[in-house]
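Here's the structure we're looking at; comments come further down.
Just so we're clear, the structure is a prediction, and the values are computed from it rather than from any experiment. Positions are given from 1 along the sequence. Remember, it's 1-based here, ligands and their atoms both numbered in the order they're listed.
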Amino acid sequence: MTTDTAPRIIVPARWRIVGWIMLTVVVVLVAMIALTRNLLLVDVDRTANLNVAQEIEEFRTFAANGVDPTTSQPFTSVERMLEIFIDRQQPGESEQLLAIVGQRTHRAVGEMSDGAAAQGTVLPDNVELLDRILSSPNNSGIEDVAGGKLRWGRVEVVAGEGESGNLLVANYTAAGRERVGETIRTIGTVALIGLALTALIGWLVSGRILAPIRQVRMVAEGIGDNDLTSRVPARGRDDVAALARTFNAMLDRLENTWEVQRRFVDDAGHELRTPITVIRGHFDLLNLGAVDESERADTMRLIDDELSRMGRIVNDLLILAKAEQPNFVQPTPADVPALTLDIESKAQMLGDREWQLMEVAEGTAEVDTQRVTQAVLQLATNAVTHTQPGDTIQLGSSYVDTGGRRMLRLWVRDTGPGVAPEDIEQIFERFNRGHHVATENRPDRPGAGLGLSIVRAIADAHHGSAWVTSAFGDGATFGIDLPVIGPAETTRRDESQ
Ligand SMILES: Nc1ncnc2c1ncn2[C@@H]1O[C@H](COP(=O)(O)OP(=O)(O)OP(=O)(O)O)[C@@H](O)[C@H]1O
Ligand SMILES: [Mg+2]
């Protein structure tokens, strides 16, 4: 016997399903949030660049076309032009405009968040940074300042008399970046709620779907050796419900098999106990000396009868036990006329009856000839049992079509009492002898009720069937139908016998 080594730690399927869903959702959410953050930050930088470029462009236009508001003439001084331009500007958020002429700085600062404002104070005060920007050969650039980046653009204005100044446009991204941070935090919160909801729904749904599996397990655990009556409630139309139904069907079959086995063992025990009791009783009589010499021979004969009855029952039981095995029948192509004639000649040995061979099918059929002979001789034995010497018993073979399949039919008809309609269903069962026989209790019919079950087992093993038709009181016809594998054959009526 092999035993399965079950893993010590059992991870419930429900946990695993929820775990995998969560892992997938977390990976997707993290990737999505990271991507969104990057895109928003890129957007913040691009907007800052655009703003700087736009201010510079505006100044260029102003420098080319602007006039001094007090004189309505073009500007005469660089400082005045820068001052006027700065005064008129309304810098955007996080934006700073500086006009630098010599040591003097005019400044216009846009609306700034706290962080950006802190940075904004940096530029005019941070002399080193201002110098670096003013002496840069480029007219735009990016500088690292506390809390973020500073994007700047610069226009140098030179007047004819050697007077020069600079317009510096600075844009701080800290506020924008801060807003991106806020957006990401909001998305993150929503994602967390979504994650919790996903976990909850995953948990509930997988629990519902897997419930039948849990029940299958519980039912399987609860099944004892003698109780196969528990069933799993199977609702729904999905695979898991199908599993529950399959499991129930398996339990049905097991229960049925178990019930048949139990009845079989009960009946077998019962049937064997009777002859043993009879034999023991007779032995006791012999031992006690309660029988004289003439009765002694009778007693010995009775004991011998009972022993051979037991032997027959044991043999029949062995055949029925073998019928459960796959190689019970070994079909080979058989010559049907030869098989029929062989059976007829053997049947004649069973009793002094008027045996008539009515029809013989021709050709070959794929059957186990020994088992088929055994089955038909069982039918013939029953026919003999239920008739009187000199009565007519007919038999024959033919081909019939049942359910679209071509069958070889072997049959035996007698002129006995027939089978009561209520017995027809039962007499093929093991140890079932039919009502009228059982109640009659006729000593000349000492059967155990196994013959017809052997006939049926042989027919079943050939994927065929065993049957009876009878008008009660007017004889019975028993037969077996076996599928023919091979060319269609014709039936030849043979009335010569
Ligand atoms: N030809 C028949 N005519 C009338 N009844 C029959 C005939 N053959 C069988 N039966 C009924 O079917 C019952 C079961 O038959 P079956 O051959 O299985 O058992 P049995 O003949 O009683 O005992 P066994 O065959 O084990 O010696 C018989 O007891 C009888 O009631
Ligand atoms: Mg019989």
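Proximity to Asp414 (heavy-atom distance under 4.0 Å) selects the following atoms of ligand 1: 1 (N), 2 (C), 3 (N). Close approach of ligand 1 to Leu452 is summarised as follows: ligand atoms under 4.0 Å from at least one heavy atom of the residue are 9 (C), 12 (O), 14 (C), 15 (O), 16 (P), 17 (O), 18 (O).
Screening the protein for N, O or S atoms under 2.8 Å from the Mg ion (ligand 2) yields 1; no waters enter the count.
Contact analysis puts Gly418 in contact with ligand 1, with a non-hydrogen atom separation below 4.0 angstrom. Under a 4.0 angstrom heavy-atom cut-off, Asn432 registers as being in contact with ligand 1.
Side-chain atoms of Arg406 never come within 3.5 Å of backbone atoms of Pro483 as a donor-acceptor pair (strictly under, hydrogens ignored). Side-chain N or O atoms of Asp368 include one that pairs as donor or acceptor with a backbone N or O of Gln330 at under 3.5 Å.
Applying the salt bridge (Lys or Arg N to Asp or Glu O under 4.0 Å) test to every pair with at least one member in residues 455-483, sequence neighbours left out, gives these pairs: Arg409-Asp481, Glu429-Arg456.
The only member of Thr387, Thr415, Asp391 that meets side-chain hydrogen bond (donor to acceptor under 3.5 Å, both in side chains) when paired with Arg353 is Thr387.
A cation-pi contact links Arg413 to Trp411, judged by a cut-off of 6.0 Å to the six-membered ring centre and 45° from its axis.
A donor and an acceptor atom, one from each side chain of Gln378 and Gln374, are nowhere located under 3.5 Å apart. Neither side chain, Arg151 nor Thr173, offers a donor N or O lying under 3.5 Å from an acceptor on the other.
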